[in-house]
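Shown next, in structure tokens, is the structure this report addresses.
Each chain gets a letter, A, B and so on, in the order its sequence line appears, and its residues count up from 1.
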2 protein chains.
Amino acid sequence: MGRKRFADINCGVGQALEAVGDWWSLMIVRDAVFGIRRFSDFAESLGVAKNILTTRLDHLVAHGIFEKVDVGSTGTRFEYQLTDKGEALLPVLIALREWSDEWVFGRGHEPIIIHDQRTGRRVPKLRVLASDGRPLSPRDLRAVPGPGASEDTIQRLRRSP
Amino acid sequence: MGRKRFADINCGVGQALEAVGDWWSLMIVRDAVFGIRRFSDFAESLGVAKNILTTRLDHLVAHGIFEKVDVGSTGTRFEYQLTDKGEALLPVLIALREWSDEWVFGRGHEPIIIHDQRTGRRVPKLRVLASDGRPLSPRDLRAVPGPGASEDTIQRLRRSP
DNA sequence: AAAATCTGGTTGCGTAATGCAACCAAGCGT
DNA sequence: ACGCTTGGTTGCATTACGCAACCAGATTTT
């Protein structure tokens with residue numbers, strides 16, 4: 001019955017995953033962040049089948065993460081450009097890369113290092129900090145219903161400590 | 001042929017996605033961050049089929065993101081506990097939630113708000129900042145090969161601006 | 001002008017993964 | 001002894017994925 005959808009889950013993480021679409025989509029966004037815009041370049045960079053790429057790009061365009069732009073003047077006809085919504089996924093990508101740098105490759109074995117183009121210095125590690133600057137771990141957090149909480153969400157949060 | 005694997009892609013994002021496994025796995029980690037530890041609680045919370053949950057938990061345990069702990073003294077027999085590696089995914093989850101708060105639900109319609117349990121204040125937004133504190137967008141970044149870069153990665157980075 | 005090439009796809013087909021429901025087995029409570 | 005809860009496993013139908021082949025419009029080459 002195909003993959004189950006998270007769209008009905010009243011949870012930000014699920015909604016984000018649903019909007020992005022799937023693993024491929026996130027890799028496509030990653031490529032776009034590094035400047036790739038054309039269909040064939042995505043296909044080559046990721047080694048993804050063209051039919052898969054088609055459906056993913058369509059999905060991403062439908063969700064406003066990419067914009068399909070006709071640049072027909074020169075032989076190249078279309079570009080898939082990240083929208084503001086798409087660019088806003090940058091922290092997600094940075095967080096994933098930093099996690100694997102630390103926990104998969106290990107420090108000193110990072111395949112890629114991200115620099116600030118202006119200063120040439122490394123981008124500081126992304127961290128979840130409290131308002132007073134202390135680092136936070138999952139145990140330090142508490143989830144409370146927000147203004148858009150459904151009854152279901154409220155019930156769930158009431159049950160969990 | 002099933003889904004293609006990103007394991008051979010010399011890229012932190014791909015490696016992280018591969019280690020996590022799939023969309024469900026990330027939702028499982030999310031639940032764990034909010035305190036869920038038992039098989040049946042994951043199953044109920046996510047509405048995921050039990051065979052799917054089994055394979056995902058096995059995968060997550062194999063990759064060191066969860067630890068399966070026998071707590072057999074009382075009727076409940078196992079707990080799936082996040083390891084340090086698993087807890088380190090917190091920034092990824094926070095980044096996803098913040099993205100959907102802003103771009104899917106919209107401000108003022110967040111279903112969940114995360115507080116610092118100690119101070120009771122909202123957790124400040126996660127941002128990609130330069131070392132001098134300025135916010136960075138994708139265009140401000142430059143990727144350079146790190147110590148663990150493969151020849152392939154070096155070539156790719158050389159080609160892109 | 002005709003042929004080859006490039007870009008951006010679509011179509012068919014076999015294989016793998018997903019989802020549901022039914023079944024199972026060890027502990028525990030009574 | 002009996003059933004209930006927990007934590008699964010098994011079978012089967014449906015769906016998605018991945019590959020390769022094909023295709024059509026526009027540009028470049030000969």
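Members clustered with B/Ile113: A/Val144, by chain and number, using a 4.5 Å side-chain heavy-atom cutoff among hydrophobic residues.
Heavy-atom neighbours of B/Gln81 CD from other residues, nucleotides or ligands within 6.0 Å: above the threshold of 12. Within a 6.0 Å radius of CZ in B/Arg134, other residues, nucleotides and ligands contribute more than 12 heavy atoms.
Between A/Asp116 and A/Arg122 there is no salt bridge, since no side-chain N of the basic residue sits under 4.0 Å from a carboxylate O of the acidic one.
Seen from the ring of A/Phe78, A/Lys68 counts as a face-on cation partner, given the 6.0 Å and 45° thresholds.
Here the C1' atom of nucleotide D/dT6 and the NZ atom of B/Lys68 are 11 Å apart, to the nearest Å. Atom P of nucleotide C/dG9 and atom CD of A/Glu79 are separated by 13 Å, given to the nearest angstrom. Between the CG atom of A/Asp70 and the C1' atom of C/dG9 there is a distance of 14 Å, given to the nearest Å. In this entry the distance linking CZ of B/Phe78 with P of D/dT9 reads 11 Å, nearest Å. We find that CZ of B/Arg77 is positioned 8 Å from P of D/dG8, with the value rounded to whole Å. In this structure, B/Phe6 atom CZ and D/dC17 atom P are separated by 11 Å, rounded to whole Å. What separates NE2 of A/His59 from C1' of D/dC17 is a distance of 16 Å, to the nearest Å.
Side-chain atoms of A/Glu110 come within 3.5 Å of backbone N or O of A/Gly108 as a donor-acceptor pair. B/Lys4 places a side-chain N or O within 3.5 Å of a backbone atom of A/Gly47 that can act as its donor or acceptor partner.
The base of C/dT18 lies outside donor-acceptor range of the side chain of A/Arg3, with no N or O pair under 3.5 Å.
Annotation: proximity of residues 20-28 of chain B to DNA chain C (heavy atom, distance under 4.0 Å) is found for B/Asp22, B/Trp24, numbered in ascending order. Using a 4.0 Å cut-off on heavy atoms, the residues of residues 47-54 of chain A that approach DNA chain D are A/Ala49, A/Asn51, A/Ile52, listed by number.
Each end of the helix from C/dA1-D/dT30 to C/dT30-D/dA1 gets its own axis, taken as the rotation carrying the C1' atoms of four end pairs onto the next four within a five-pair window, and the two axes meet at 10° to the nearest 10 degrees.
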For A/Tyr80 and A/Glu67, what are the C-alpha separation, side-chain angles and deciding distance, and is it a side chain to side chain contact (heavy atoms under 4.5 Å, CB included)?
CA-CA 6 Å; A/Tyr80 292 89; A/Glu67 191 179 359; over 6 Å; no
What do the steps show when you test A/Val20 against A/His63 for side chain to side chain contact (heavy atoms under 4.5 Å, CB included), and what is the final call?
CA-CA 8 Å; A/Val20 171; A/His63 283 261; over 6 Å; no
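Legend: residues meeting salt bridge (charged side-chain N to carboxylate O under 4.0 Å, His left out) with B/Arg118, ordered by chain and number and at least two apart, are A/Asp132.
An OP1 or OP2 oxygen of D/dT6 is reached within less than 4.0 angstrom by no side-chain nitrogen or oxygen of B/Tyr80. Applying the 4.0 Å criterion to OP1 and OP2 of D/dA16, one finds that B/Lys4 has every side-chain N and O outside that range.
No contact: A/Phe42 has no heavy atom under 4.0 Å from any strand.
Distance from the side chain of A/Arg56 is smallest for D/dC17 among the nucleotides D/dC17, C/dA17, D/dG8.
Residues A/Phe42 and A/Trp24 place their aromatic rings such that the two centres sit no closer than 6.0 Å.
Residue pairs meeting the side chain to side chain donor-acceptor pair (under 3.5 Å) criterion with at least one partner in residues 91-100 of chain B, sequence neighbours excluded, are B/Arg97-B/Asp101.
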